[in-house]
Amino acid sequence: MKQTDLYGYSGRILRVDLGSGAVRREPLSEDLVDRFIGGRGFVAKLLFDEVPPGADPFSPQNLLIIATGPLTGHLLPSSGKTHFGTKSPATGGYADSNMGGHFGPALKYAGQDVLVLSGCADRPSYLMIDDERVEIRPSEHLWGRGALSAEKQLKTELGDDFQILAIGPAGEHQVRYACISHDFGRQAGRTGVGAVLGSKNLKAIAVRGSGRLPVFDLDAAFAAGKEAFRKVAAKPGFSAWTPEGTAGITNWCNEMGVFPTRNFQTSYAGHYPRINGKAVLERLKITDKGCACCPTPCGKYGHARTPLGDAYVEGPEYETIALFGGNCLLPGIEDVANWLCDELGLDTISAGAVISWAIECFERGLIPESRIGRPIAFGDLSSVDYLLRRIAVRDGIGDLLAEGVKRAAAEVGQGSDAFAIHVKGLEWTGYETRNAPSMMLAYLTADIGAHHSRAWVLGHDLAGAWTSVHDLISSDRAADRQPPAVIRPDCARYVIESQHTRPLFDALGVCRLQYMELGFEEHHYARLHHVITGRERSWEEMLRVSERIWNLTRAFWVREIPGFGRAWDNPPRRFTSEPVPDGPNAGYFLAQEKLDRLLDWYYQARGWNEDGIPTRQTLLRLGLPEAAEAIRGGK
Ligand code: SF4
């Protein structure tokens, strides 16, 4: 195959076996592109085909895959996205995580769309890719360093034009929710991808590329890209979105009563004006910071002064605010700033969830002071600092908490699993959903565990509409009592539509925020995809690819987890039996029988059996004979 057959792509997969040192480049297959588009689609297919069933996530047989999409690296809005995938050490199932910045474009310019890492290096190492040159180099001098300082050191050694991925001590110590960092503040945060890199003895990856990408119709691509920038800039939310970034949603989440507070005990934090977007602006922000080609940079680079010291930091974005400001109840935006998590290489979402669970356990007398080493409390920065530093190196209590809430609760016992807030072993993110049935269903069925980015349908539950975030947060609303959300079959339909739409951007290799948050129309993406790749796919056709990917990742779970089924789609008992004690959603909870009805509607609409297993007929309809063969249990 000639490389130019695949316009938009580099046309190659780079495979590096860290055990043997073997480096191989192979052509990207037409079938992979046709059936899975790129990014998340490539990750799902390669993991399904190449990770041996039953492999231990920390074994050399597991893969860490880094994949770009056809739009990554081209001159169009927000084309800096890269996708990471592996078998998760947090859940044991399918895992992926998306990251912005500049790494993906550099990987493509260096001549490959996908990097597949297998094996395990026999000493601490880093991988250097400089166009055609690929070397596994020793990294003892970086081992033990924070992710940010390792990135800085490699930039000093190799040059500023290298794009760097690095893990911190948490990845080295295989904390099950360790992340991969890039660009001094961007992370592939979820599902423990950093722990898998650590298990392969790989501290960092550096890439520099100087090649060109083939484009099907360069003049049309240039015109379509230019028009896209112009149209995004004309959207009503454009100038409102950038200053505060995702932190701007903090007020709305509190006023609607969906802000996780004190380990999801409640859903409203009275001090939210001290940790909201305005606080980021007034107390932290120095400048906006964005990914490659982003017209709406949501990153906020700033300076945090805390009682424990000063730090320059990107963030905090909304999820970090929710999990540390709400769930751990830290009092001010400076305390919430995520410098320490970033340096240690910890996912702020899981870290905040695990720490808030530990504090609740301590308050209830389930984990004694003698085991922790000191008292810990909600609202206390020194407690959080103390635990983070121990988690990252698995020291003392940190070794238990490094396992994540599901495993830690299984060890602690005494009913602590009722308030270990996760699905499938992945900690829940920044939305409390006891009065938001669609969003609850989205969390329960997300294909990496409890994560919001697969389907954000709070607008459907709370505003009765399928609406952009900008429209939601710009409406005036006082923090009064919410009406009870209605359970109905179209909750399942909205969730499924969203689960096909949002992850599609991860396959294309662009940011979804301009579409989801500003209402930038879908036909632009179909047009950009056509003029860059030469492949005509309507938006609806692309959504069918997204549905194929969704079913393939479900099949991965079925294959990898013995007995996988409906029970894996349930929330912790807190959400089905404890009413929210105060705030706008006071008194609400979602009884298990209501959730069962939601799951019934969802499985039916997806063409899965009553236990949530894709049927053979569904898998064949979606062109997935390999999955149908692998999980013959589906009927
Ligand atoms: Fe990156 Fe944020 Fe821009 Fe998306 S909106 S491309 S995440 S800076």
Side-chain angles (χ1 to χ4, degrees), residues 38-40 68-84 96-108 163 165 179-190 225 228-229 231-250 277 280-281 284-302 313-321 338 342 347-349 429-430 451-454 456 468-470 473 501-520 524-525 528:
R40 174 174 140 78
T68 61
L71 303 188
T72 305
H74 291 278
L75 284 175
L76 52 98
S78 301
S79 57
K81 288 288 188 170
T82 314
H83 218 68
F84 295 71
D96 68 33
S97 194
N98 194 262
M99 186 189 73
H102 306 264
F103 187 88
L107 191 68
K108 281 181 82 170
Q163 299 298 332
L165 302 178
C179 64
I180 296 175
S181 287
H182 163 60
D183 198 26
F184 303 104
R186 292 278 149 185
Q187 282 86 24
R190 305 239 66 203
F229 277 109
K231 290 251 160 97
V232 169
K235 287 290 165 194
F238 178 75
S239 49
W241 167 258
T242 299
E244 297 181 8
T246 58
I249 200 173
T250 308
V280 171
L281 281 186
L284 289 180
K285 181 175 146 181
I286 297 171
T287 186
D288 299 319
K289 182 165 172 275
C291 310
C293 287
C294 181
T296 54
C298 68
K300 307 298 139 208
Y301 194 73
V313 63
E314 179 175 343
E317 52 95 44
Y318 171 74
E319 294 298 328
T320 308
I321 290 173
N338 38 270
D342 291 1
D347 170 29
T348 57
I349 295 171
T429 69
H451 193 58
H452 59 284
S453 80
R454 294 301 202 260
W456 196 96
S468 75
V469 173
H470 169 71
I473 63 177
T501 308
R502 291 176 73 100
L504 181 54
F505 296 91
D506 301 338
L508 290 168
V510 289
C511 181
R512 68 177 171 273
L513 288 172
Q514 292 71 31
Y515 172 81
M516 301 304 311
E517 265 62 291
L518 301 182
F520 181 57
H524 293 292
Y525 294 97
L528 287 163

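All of these numbers come straight from a predicted model, not from anything done at the bench. Start at 1 and go down the list; that is how both ligands and their atoms are numbered.
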> Which one of Val510, Leu513, Thr242, Thr246 has a non-hydrogen atom at the shortest distance from atom 5 (S) of ligand 1?
Replying inline: Leu513
> Who's the nearest protein heavy-atom neighbour of atom 3 (Fe) of ligand 1, and how far?
Replying inline: Cys294 SG, 2.2 Å
> Below 2.8 Å, any N, O or S contact between Cys298 and atom 2 (Fe) of ligand 1?
Replying inline: yes
> At their closest point, which heavy atom of Leu165 faces which heavy atom of His182, and how far apart are they?
Replying inline: CD2-CB, 3.7 Å
> Numbering the atoms of ligand 1 from 1, which are under 4.0 Å from a heavy atom of Thr296?
Replying inline: 3 (Fe), 5 (S)
> Thinking salt bridges, do Lys300 and Asp288 make one under a 4.0 Å N-O criterion?
Replying inline: yes
> Can Arg512 be said to touch ligand 1, with heavy atoms closer than 4.0 Å?
Replying inline: no
> Which of parallel (below 30°), tilted (30 to 60°) and perpendicular (above 60°) describes Phe505 and Tyr515?
Replying inline: tilted
>> If the cut-off is 4.0 Å to any non-hydrogen atom of Cys511, which atoms of ligand 1 fall inside it?
In response: 4 (Fe), 5 (S), 6 (S), 7 (S)
> Against heavy atoms of Ser78, which atoms of ligand 1 measure under 4.0 Å?
Replying inline: 6 (S)
>> So which atom in Cys179 and which in Ala188 form the shortest heavy-atom distance, rounded to 0.1 Å?
In response: CB-O, 3.3 Å
> Does the side chain of Thr296 pick up a donor-acceptor pair with the side chain of Gln514 at under 3.5 Å?
Replying inline: yes
>> With a 4.0 Å cut-off on heavy atoms, is Glu517 in contact with ligand 1?
In response: no
> Does a salt bridge link Asp96 with Arg454, judged by any charged N lying under 4.0 Å from a carboxylate O?
Replying inline: yes
>> If you count heavy atoms of other groups shown closer than 6.0 angstrom to CG of Leu281, is the number above 12?
In response: yes
> Which ligand 1 atoms, with their elements, are less than 4.0 angstrom from a heavy-atom of Lys81?
Replying inline: 7 (S)
> Which residue and non-hydrogen atom of the protein lie closest to atom 1 (Fe) of ligand 1, and at what distance in Å?
Replying inline: Cys291 SG, 2.3 Å
>> Which residue and atom name correspond to the protein heavy atom nearest atom 7 (S) of ligand 1, and how close is it?
In response: Arg186 NH1, 3.4 Å
> Going by atom types only, do His74 and Ser79 share a side-chain donor-acceptor pair under 3.5 Å?
Replying inline: no
>> Within ligand 1, which atoms have a heavy atom of Gln514 less than 4.0 Å away?
In response: 5 (S)
